[in-house]
Amino acid sequence: MANATRSSPPFEESRDYVQSLARGLSVLRTFDGDNTRLSLADIAGRTGLSRAAARRLVLTLQHLGYVHGAGRDFVLGPSVLELGFGYLDSLNLTELAQPLLEDLARKVNQSSSMAVLDGQSIVYVLRVPGRRVMSVTLGVGARLPAFSASMGRVLLSGLEAEALQAWLGQCRPVQYTPHTVTSLQGLRRIVDEVRMQGYAYVEQELELGLCSIAVPVRNAEGRIATAINVSMPYHPDAEREAMRDILPHLKLTAAAIEGCAPSHRLPAVCA
């Protein structure tokens with residue numbers, strides 16, 4: 001009878017327990033709203049791992065895209081989305097921005113989206129479809145090259161000079177259309193212009209017949225956290241129409257998101 005009531009040993013002591021996986025997940029869990037940037041020493045201290053073990057785990061997660069280096073520190077990367085929607089839930093992006101983007105899409109009668117930067121790509125974290133403009137159907141988790149996308153250029157404008165230089169060093173532009181800017185010097189100049197003017201307009205660089213305009217969404221510290229955009233079909237007067245009829249609504253939507261977003265839930269953009 002005593003044997004029947006004896007409690008089972010902890011699962012952590014069983015043959016089925018994968019310690020390396022648990023340790024890797026513990027590294028990801030060290031990041032939260034109050035700890036968005038951590039050094040190796042911080043990670044080792046918060047996980048109880050040795051610094052050497054923490055370093056191996058962090059470098060592996062960095063290789064897989066789940067964390068990014070930020071100087072001497074590390075931050076979570078958008079590839080955490082691939083584990084599920086936990087990343088979105090932690091940011092409250094869906095609950096917060098969905099109705100605002102839906103309202104924006106109705107007002108301008110076009111599709112609207114939100115994206116974050118992940119390496120050389122932007123990753124869609126929210127999308128409200130409107131009129132079909134692109135030949136490719138986009139949804140949450142879809143990727144586009146950052147260098148030729150309006151949201152990509154907005155997000156790049158939020159990088160510090162050293163990070164932007166490193167990003168450009170990894171960039172290999174592709175000529176998608178006759179209008180695509182592929183010069184790294186030209187891209188650097190465009191990003192500088194976007195930073196000064198506060199928006200990015202792209203016309204037929206990613207796909208013929210497609211235009212888009214994007215603005216940043218900033219965190220409480222004033223740093224760019226995400227970008228939102230509106231896509232529209234090309235016509236000879238598309239740029240003037242975007243500036244006159246769409247950009248004001250985009251800016252108001254970004255301000256609305258910034259105004260009701262918990263400051264600790266909007267980490268700054270990183271390469």
Side-chain angles (χ1 to χ4, degrees), residues 6-96 115-125 140-141 143 146 155-156 158-167 169-170 218-226 261-271:
R6 184 182 300 167
S7 60
S8 301
F11 179 74
E12 289 85 351
E13 297 177 10
S14 74
R15 295 171 56 187
D16 294 324
Y17 183 72
V18 183
Q19 188 179 61
S20 58
L21 173 60
R23 287 178 172 178
L25 293 174
S26 72
V27 169
L28 294 179
R29 286 197 296 270
T30 59
F31 297 90
D32 56 31
D34 296 323
N35 298 276
T36 59
R37 297 169 66 102
L38 295 171
S39 67
L40 277 177
D42 293 331
I43 293 170
R46 287 171 62 85
T47 57
L49 298 170
S50 69
R51 185 164 179 146
R55 178 178 180 276
R56 290 195 298 272
L57 290 167
V58 167
L59 292 180
T60 299
L61 291 168
Q62 183 177 30
H63 173 72
L64 296 173
Y66 296 125
V67 299
H68 291 309
R72 293 179 177 273
D73 297 332
F74 294 89
V75 298
L76 284 180
S79 288
V80 174
L81 282 167
E82 296 170 4
L83 299 176
F85 287 95
Y87 180 74
L88 283 176
D89 291 338
S90 71
L91 296 180
N92 264 348
L93 287 177
T94 49
E95 298 87 347
L96 175 68
V116 293
L117 186 67
D118 185 21
Q120 294 292 315
S121 304
I122 60 170
V123 180
Y124 280 72
V125 295
V140 172
R143 291 173 175 266
L155 292 166
L156 290 173
L159 294 178
E160 297 178 357
E162 184 177 343
L164 177 59
Q165 187 61 38
W167 188 93
Q170 297 292 321
R218 299 178 182 275
N219 62 19
E221 298 173 344
R223 298 184 64 189
I224 294 175
T226 65
S263 62
H264 67 280
R265 296 197 175 184
L266 288 178
V269 65
C270 65

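When reading the values below, keep in mind they use all heavy atoms of this one structure, side chains included, and skip hydrogens, waters and symmetry mates. Please read these numbers as outputs of a predicted model, since none were measured by experiment.
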V125 vs T226, test: side-chain contact (heavy atoms from CB on, under 4.5 Å). Steps then yes/no.
CA-CA 9 Å; V125 295; T226 65; 5.6 Å; no
Is any side-chain heavy atom of [X] less than 4.5 Å from a side-chain heavy atom of [Y]?
X	Y	result
Y66	T60	no
N35	T30	no
R223	E160	yes
L156	L117	yes

Heavy-atom pair with the smallest gap, counting every atom of [X] and [Y]:
X	Y	result
H68	Q62	C-NE2, 4.3 Å
L61	G24	CD1-O, 3.8 Å
D118	G65	OD1-O, 4.4 Å
R29	A22	NH2-O, 4.4 Å
A54	I43	CB-CG2, 4.3 Å
V58	V67	O-CG2, 3.7 Å

[atom1]/[X] to [atom2]/[Y] distance, rounded to the nearest 0.5 angstrom?
X	Y	atom1	atom2	answer
F31	R37	CZ	CZ	10.5 Å
L21	L57	CG	CG	10.5 Å
L28	R23	CG	CZ	15.0 Å

